[in-house]
Amino acid sequence: EAQVTQNPRYLITVTGKKLTVTCSQNMNHEYMSWYRQDPGLGLRQIYYSMNVEVTDKGDVPEGYKVSRKEKRNFPLILESPSPNQTSLYFCASSFSTRPSGEAFFGQGTRLTVV
Amino acid sequence: AQSVTQLDSQVPVFEEAPVELRCNYSSSVSVYLFWYVQYPNQGLQLLLKYLSGSTLVKGINGFEAEFNKSQTSFHLRKPSVHISDTAEYFCAFLFQREGGSNYKLTFGKGTLLTVNP
């Protein structure tokens, strides 16, 4: 089954404790991205990756890091989480960013930073 | 600047009533428009998309949308809703990044559709 898998689904952590949210896709997609969803703000792009070892900032990259060492994986790293990073996070992938490339989304990771 | 605006943050309707969720966009270049649905505690799922051709596009679960270039709109409609349609709906716009060959998907802020019995 074609899917994007995020882990964990739920996470509560304390300020300053480094964490990683994993994202994996099994569709051989080149393009992957991370979004955060906040009430009243919709989805905002954090980082994206066009292919292995190619990443770039989205609209709200501050406080986040990513890496793309393999095509299937695109982890999101919070080196020193803060309460304003409490949010619902989604990973997405698509064959390309061209209009015909449908984006597939993971189930989401609800992060709470206390 | 490219942007997408969803005019209603919440839309309550009764079961079997028709519904329209409104979306407007602003763009100076070619447009590619999408509607995504997010059911409670789930990720986003593509409902339908407009890339080119017929301005009336049909999607899953009986939804359809009409691209209106003169009004820069892409409203989502369903003639008769069910309780199971309760979800958040996102309009999204794909545009080409400045000076680049890749595209960016920009989302509206979402419309929460609540279908009541």
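Reminder, nothing fancy here: chain letters follow the sequence lines and each chain counts from 1.
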Does A/Phe95 share a hydrophobic cluster with B/Leu51, counting links as ILVMFWY side-chain heavy atoms below 4.5 Å and allowing steps through other members?
no
When rounded to the nearest 0.5 Å, the distance separating CG of B/Leu94 from OG of A/Ser94 is 8.5 Å
Using a 6.0 Å cut-off, check whether atom NZ of A/Lys65 has over 12 heavy atoms from anything other than its own residue.
no
Around B/Arg77, counting heavy atoms of other residues, nucleotides and ligands shown, do more than 12 lie under 6.0 Å from its CZ?
yes
Test of understanding: clusters of I, L, V, M, F, W, Y form through side-chain heavy atoms closer than 4.5 Å, transitively. Do A/Phe90 and A/Leu19 belong to the same one?
no
Would you mind reporting whether B/Leu105 and A/Tyr35 have side-chain heavy atoms less than 4.5 Å apart?
yes
Check the surroundings of atom CZ in A/Arg44: do more than 12 heavy atoms from other residues, nucleotides or ligands lie under 6.0 Å from it?
yes
State, yes or no, whether a side-chain contact exists between A/Asp59 and B/Lys104 at a heavy-atom distance under 4.5 Å.
yes
If I compare all heavy atoms of B/Leu44 with all of A/Phe105, which pair ends up nearest, and what's the gap?
O-CB, 3.6 Å
I need the minimum non-hydrogen distance between B/Asn41 and A/Arg9, along with the two atoms involved.
O-NH2, 3.2 Å
How close do A/Leu88 and B/Gln38 get, heavy atom to heavy atom, and via which atoms?
CD2-NE2, 4.1 Å
More than 12 non-hydrogen atoms from neighbouring residues, nucleotides or ligands closer than 6.0 Å to CD1 on A/Ile12, yes or no?
no
Do B/Val37 and B/Phe74 land in one hydrophobic cluster if side-chain heavy atoms of ILVMFWY residues count as linked below 4.5 Å?
yes
Honestly, the part of A/Gln6 sitting under 4.5 Å from a heavy atom of chain B is neither
Assigning hydrophobic clusters by single linkage (Ile, Leu, Val, Met, Phe, Trp, Tyr; side-chain heavy-atom cutoff under 4.5 Å), is A/Tyr64 placed with A/Met50?
no
Measure across A/Gln37 and B/Phe90 and return the closest heavy-atom pair with its distance rounded to 0.1 Å.
NE2-CZ, 3.2 Å
What part of B/Gln6 gets within 4.5 angstrom of chain A, counting heavy atoms only: side chain, backbone, both, or neither?
neither
Checking A/Phe104 against chain B: side chain, backbone, both or neither under 4.5 Å from a heavy atom?
neither
Please tell me whether A/Leu111 and A/Leu43 are part of a single hydrophobic cluster in this structure, the criterion being side-chain heavy atoms less than 4.5 Å apart.
no
Smallest heavy-atom separation, A/Ala103 atom then B/Tyr36 atom, equals CB-OH, 3.5 Å
With a 4.5 angstrom heavy-atom cut-off, which part of A/Gln45 approaches chain B: side chain, backbone, both or neither?
side chain
Side chain, backbone, both or neither: which part of A/Tyr10 has an atom under 4.5 Å from a heavy atom of chain B?
side chain
